[in-house]
Amino acid sequence: MMNITEIQKIGVAVAGFGIMFLFLGLVLLFDRGLLAMGNLMFIIGFTLIVGLESTFRFFCQPQKARGSAAFFGGIVVLVLGYPIIGMIIEAVGFYFIFCSYLGVAVGFLRRVPIIGDIINLPMFSAAADNLENRQLR
């Protein structure tokens, strides 16, 4: 069993608050302050959970350079005063960073009882198959 340190527990709380601030920023019509605070808290929480060196290695991998640049560029655009454009750029960066994990996530979700039944319906199964078999380009 893996031991979770106090710093990692704090990181989970900070990342959770960051996600909450991001959600509130989106609900309140792209409030720039809440979105910026949410991004900052999420990145700090992620860093507290996995550590500074692992965070740096994760975002600086050559195959994730395009996604990392878009993600952090979106944060800069958001802080400069263009929240909708910044969030779109961030979302694209987030997709490019984590698209290599989509196949694993879809495979896992197919084994979850209720969600798996929904994903295996004919209208969703073709898209799920494409996501599961897709390779990062």
Side-chain angles (χ1 to χ4, degrees):
M1 187 162 127
M2 190 170 119
N3 291 331
I4 298 175
T5 65
E6 293 298 318
I7 291 179
Q8 289 174 325
K9 291 177 186 177
I10 293 169
V12 169
V14 171
F17 280 118
I19 291 170
M20 182 184 70
F21 274 93
L22 283 170
F23 177 74
L24 284 173
L26 290 174
V27 169
L28 296 174
L29 302 175
F30 293 95
D31 182 61
R32 188 175 92 177
L34 288 174
L35 291 172
M37 183 70 88
N39 280 319
L40 182 65
M41 292 177 79
F42 179 76
I43 292 171
I44 290 171
F46 184 79
T47 303
L48 290 173
I49 292 169
V50 299
L52 187 61
E53 183 180 343
S54 296
T55 302
F56 184 73
R57 269 191 273 134
F58 178 78
F59 283 109
C60 292
Q61 293 177 10
Q63 65 268 25
K64 294 181 182 175
R66 177 173 51 173
S68 296
F71 182 74
F72 290 112
I75 293 173
V76 170
V77 170
L78 178 111
V79 170
L80 290 177
Y82 302 98
I84 296 173
I85 296 170
M87 288 304 292
I88 291 170
I89 294 171
E90 271 186 62
V92 169
F94 192 81
Y95 172 76
F96 282 129
I97 290 171
F98 292 104
C99 69
S100 61
Y101 302 111
L102 282 177
V104 175
V106 169
F108 172 76
L109 289 175
R110 283 187 172 201
R111 291 191 261 302
V112 174
I114 296 171
I115 297 172
D117 295 336
I118 294 170
I119 290 175
N120 289 326
L121 289 173
M123 65 180 109
F124 299 121
S125 65
D129 290 339
N130 286 339
L131 285 174
E132 196 169 4
N133 296 327
R134 184 164 186 251
Q135 295 294 322
L136 181 63
R137 294 177 196 162

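Taken together through direct or relayed side-chain contacts under 4.5 Å among Ile, Leu, Val, Met, Phe, Trp and Tyr, Val106 and Leu109 form parts of separate hydrophobic clusters. Grouping the Ile, Leu, Val, Met, Phe, Trp and Tyr side chains by contacts below 4.5 angstrom, directly or via other members, places Val79 apart from Leu40. Under a hydrophobic-cluster definition in which Ile, Leu, Val, Met, Phe, Trp and Tyr are linked whenever side-chain heavy atoms come within less than 4.5 Å, directly or via other members, Leu22 and Met20 are assigned to different clusters. A continuous path of ILVMFWY side-chain contacts below 4.5 Å connects Leu102 to Val92, so both sit in one hydrophobic cluster.
Other residues, nucleotides and ligands contribute only 12 or fewer heavy atoms inside 6.0 Å of the CZ atom of Phe108. Counted within 6.0 Å of CG on Leu121, heavy atoms from surrounding residues, nucleotides or ligands total more than 12; the atom is thus considered enclosed.
Residue pairs meeting the salt bridge (Lys or Arg N to Asp or Glu O under 4.0 Å) criterion with at least one partner in residues 13-27, sequence neighbours excluded, do not occur; the list is empty. For residues 9-22, every residue pair satisfying the salt bridge (Lys or Arg N to Asp or Glu O under 4.0 Å) rule, not counting sequence neighbours, is listed here: Glu6-Lys9. Residue pairs that meet the side-chain hydrogen bond (donor to acceptor under 3.5 Å, both in side chains) test with at least one member in residues 82-94, sequence neighbours left out, are Asn39-Glu90.
Under the 6.0 Å cut-off for aromatic ring centres, Phe17 and Phe21 do not qualify, their centroids lying 6.0 Å or more apart.
Side-chain contacts under 4.5 Å among hydrophobic residues (ILVMFWY), followed directly or transitively, place Val27 together with Phe23.
Applying the side chain to side chain contact (heavy atoms under 4.5 Å, CB included) test to Leu26 and every residue at least two apart in sequence or in another chain returns Phe30, Leu35, Met87. Residues that satisfy the salt bridge (charged side-chain N to carboxylate O under 4.0 Å, His left out) test with Arg32, not counting sequence neighbours, are absent from this structure.
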Derivation and outcome, side-chain contact (heavy atoms from CB on, under 4.5 Å), residues Arg110 and Asp129
CA-CA 10 Å; Arg110 283 187 172 201; Asp129 290 339; 2.7 Å; yes

Does the pair Asp31 and Leu24 meet the rule for a side-chain contact (heavy atoms from CB on, under 4.5 Å), with working shown?
CA-CA 8 Å; Asp31 182 61; Leu24 284 173; over 6 Å; no

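Rounding to the nearest 0.5 angstrom, the gap separating the CZ atom in Phe58 from the OG1 atom in Thr55 is 9.0 Å. The distance from the CZ atom of Phe96 to the CD atom of Gln63 is 14.0 Å, given to the nearest 0.5 Å.
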Using distance only, find each side-chain donor-acceptor pair of residues 41-54 under 3.5 Å and give its atom names and separation, not counting sequence neighbours.
from, atom 1, to, atom 2, distance (Å)
Thr47, OG1, Ile43, O, 2.8
Glu53, OE2, Arg57, NH2, 3.4
Ser54, OG, Val50, O, 3.4

Donor-acceptor pairs under 3.5 angstrom involving side-chain atoms of residues 67-76: please list them, not counting sequence neighbours.
from, atom 1, to, atom 2, distance (Å)
Ser68, OG, Phe59, O, 2.7
Ser68, OG, Lys64, O, 3.0

